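Some notes on the structure that comes next.
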Amino acid sequence: MVFVRTTPPRPVEVTAVFPELAPLARPAIRLHPRPGAPSVRDSSVGGPLLWPADEPWPHCESEHPDSGFRQSPADVRLSRRRLARLHRDPHGPSFTPEEEEIRDQDAARLAERFDSGSPPPDECPVPLLPVAQLYLRDVPLLRPPGEADLLQVLWCPYDHEPDWKPATAVFWRSAASVVDVLATPPEPYEVNYSGYVPEPCLLAPEAITEYPNSLDLSPELRKAVGDWSRWQAAGVDVDGSYADYPAEFYDGNLADAPGWKVGGWPPWGRTDPYRRYCADCEAQMVPLLTIASFEWDGGELRGWAPYEDRDAAYAASHRAGLSPAQPTKVEVGSTDNMQLYVCPTSPEHPHTDLIQ
């Protein structure tokens, strides 16, 4: 890894206030994706995969109704680069010659497709897009099966019924077994939404300890965390504005961390906890990977911004699409998280996912 990110200490040592939470501590690894140029030998988000040249690239076999969105992954990336360029140089040309050429090529290709009345044969099924590649050497919290030391996650960049989210695919493999790498993987003709095209990012994995969201606590513990007198008796410096709802302080500052991460606790809030069970053995599944729309927000979660990003996180404003809190440019749900779950008995059993 070529850079580091460091989560600031939590404003309160939570187990000093609530010793009964100590047994619920879980390890997690914040991935801290940041824009870069990863190679197939790097852990990354949205980067190229170490994919064997003799192994078929995964495709989605589902139907993909017309979404009305008419951009290819290449055009989505071009639009982002152009936005960043204009941000740096507001008086620059609307389009550079290179940008015009790419834009015209993409428009001609889409026109040809839709004039024909149907997608080209090789676009049905749809090639999946890389989402994340994680090497065990960088993310030791992974528990791969057998001799595997590499996790690869891809998705179909279309909404799928009934939950209207990208369909995900998970692959475990041994990096040493890949001799010849697929040089040019296929890409979808278009995507359902630009937020389904991850921006290539390098990672700065950081091990942390997490505690469960208050919704994951027992009724007794939930009542304790919501008891303002417990916080006062411990003598901790908590803003009095939380007196009526101290559990909000706990959830926002002391429980599960926001952003892309491996392991840890689920980020409940949009719904109550929803247990996932293995389709093969019925074991309760555990969080594998959190795919986050934002690394932090403008409120309480901004306190999770790493030291190295504090100035950017607390800046007054950011132009749309250029927020440092959204380095991957991924958006799932209504700026939510997608959580991937695996079977603790066997990671090779089918995974599942959940928008939260």
Side-chain angles (χ1 to χ4, degrees), residues 2-3 5 31-39 42 44-48 67-114 129-132 155 157-159 166 184-185 187-204 258-260 291-299 301-302 305-306 308-336:
V2 296
F3 67 100
R5 289 294 184 270
L31 298 178
H32 299 305
R34 298 296 183 270
S39 75
D42 291 315
S44 66
V45 164
S67 66
F69 191 76
R70 296 284 186 268
Q71 279 190 304
S72 68
D75 194 43
V76 169
R77 299 181 190 110
L78 172 66
S79 298
R80 291 171 180 167
R81 291 197 300 271
R82 177 174 171 268
L83 179 63
R85 177 179 62 78
L86 291 174
H87 180 66
R88 294 191 302 270
D89 181 15
H91 303 293
S94 294
F95 287 89
T96 66
E98 178 190 11
E99 291 166 352
E100 286 182 343
E101 181 179 358
I102 296 174
R103 180 190 61 176
D104 292 345
Q105 289 175 351
D106 204 57
R109 185 170 52 82
L110 287 173
E112 179 182 355
R113 173 187 176 181
F114 289 101
L129 277 176
V131 175
W155 66 21
Y158 283 82
D159 284 320
T184 310
E187 281 203 328
Y189 212 93
E190 63 181 19
V191 297
N192 199 164
Y193 173 51
S194 63
Y196 295 164
V197 182
E199 191 72 8
C201 289
L202 290 165
L203 309 180
W260 289 67
I291 297 170
S293 295
F294 287 89
E295 291 292 285
W296 61 81
D297 66 12
L301 295 184
R302 189 166 53 183
E308 297 82 358
D309 296 315
R310 298 289 273 186
D311 289 345
Y314 283 86
S317 63
H318 304 284
R319 285 190 58 179
L322 296 175
S323 171
Q326 197 178 28
T328 67
K329 302 298 188 288
V330 165
E331 283 194 19
V332 290
S334 299
T335 63
D336 295 318

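Positions are given from 1 along the sequence. The model shown is predicted, which means the values in this text are computed figures rather than measured ones.
- In this structure, the separation between CG on Asn192 and CG on Asp159 is 4.5 Å, given to the nearest 0.5 Å.
- A donor-acceptor distance shorter than 3.5 angstrom exists from the side chain of Trp155 to the backbone of Tyr196, with no hydrogens or angles considered.
- Not counting sequence neighbours, the partners of Asp309 by the side-chain hydrogen bond (donor to acceptor under 3.5 Å, both in side chains) test are Arg5, Arg34.
- Nearest heavy atom pair, residue Thr328 against residue Ala292, reads OG1-O, 4.2 Å.
- Between Leu78 atom CG and Thr96 atom OG1 the span is 7.5 Å, to the nearest 0.5 Å.
- Ile291 contributes atom CD1, which lies 13.0 Å from atom CG of Asp336 (distance to the nearest 0.5 angstrom).
- Side-chain atoms of Glu331 and Gln326 include a donor-acceptor pair closer than 3.5 Å.
- At least one side-chain heavy atom of Trp296 sits less than 4.5 Å from a side-chain heavy atom of Pro306.
- Note that SG of Cys201 is 7.5 Å distant from NZ of Lys329, once rounded to the nearest 0.5 Å.
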>> Applying side-chain contact (heavy atoms from CB on, under 4.5 Å) to Trp260 and Val330, what does each step give before you reach the verdict?
In response: CA-CA 11 Å; Trp260 289 67; Val330 165; 4.0 Å; yes
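- Pairing each heavy atom of Pro73 with each of Pro188, the nearest pair is CD-O, 3.4 Å.
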> Please walk me through it: do Val197 and Arg80 pass side-chain contact (heavy atoms from CB on, under 4.5 Å)?
Replying inline: CA-CA 11 Å; Val197 182; Arg80 291 171 180 167; 4.1 Å; yes
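- What you find for Pro258 and Glu295 is that their closest heavy atoms are CG-O, 3.4 Å.
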>> Please evaluate residues Glu98 and Arg85 with respect to the criterion salt bridge (charged side-chain N to carboxylate O under 4.0 Å, His left out), reporting the C-alpha separation (whole Å), side-chain torsions for both, the decisive distance (0.1 Å), and the verdict.
In response: CA-CA 13 Å; Glu98 178 190 11; Arg85 177 179 62 78; over 6 Å; no
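- Across all non-hydrogen atoms, the minimal contact from Ala313 to Ala305 is CB-CB, 3.6 Å.
- Taken to the nearest 0.5 Å, the OG atom of Ser72 stands 8.0 Å off from the CZ atom of Arg77.
- When all heavy atoms of Leu86 and Ser94 are compared, the pair lying nearest together is CD1-O, 4.5 Å.
- Of all non-hydrogen atoms in Pro198 and Val45, the two that sit nearest each other are CB-CG1, 4.2 Å.
- Legend: residues meeting side-chain hydrogen bond (donor to acceptor under 3.5 Å, both in side chains) with Ser79, ordered by chain and number and at least two apart, are Gln71.
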>> side-chain contact (heavy atoms from CB on, under 4.5 Å), that's the test. Do Thr335 and Phe294 meet it? Break it down for me.
In response: CA-CA 7 Å; Thr335 63; Phe294 287 89; 3.7 Å; yes
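- Residues Pro166 and Pro157 are not in side-chain contact: their nearest non-hydrogen atoms beyond the backbone lie 4.5 Å or more apart.
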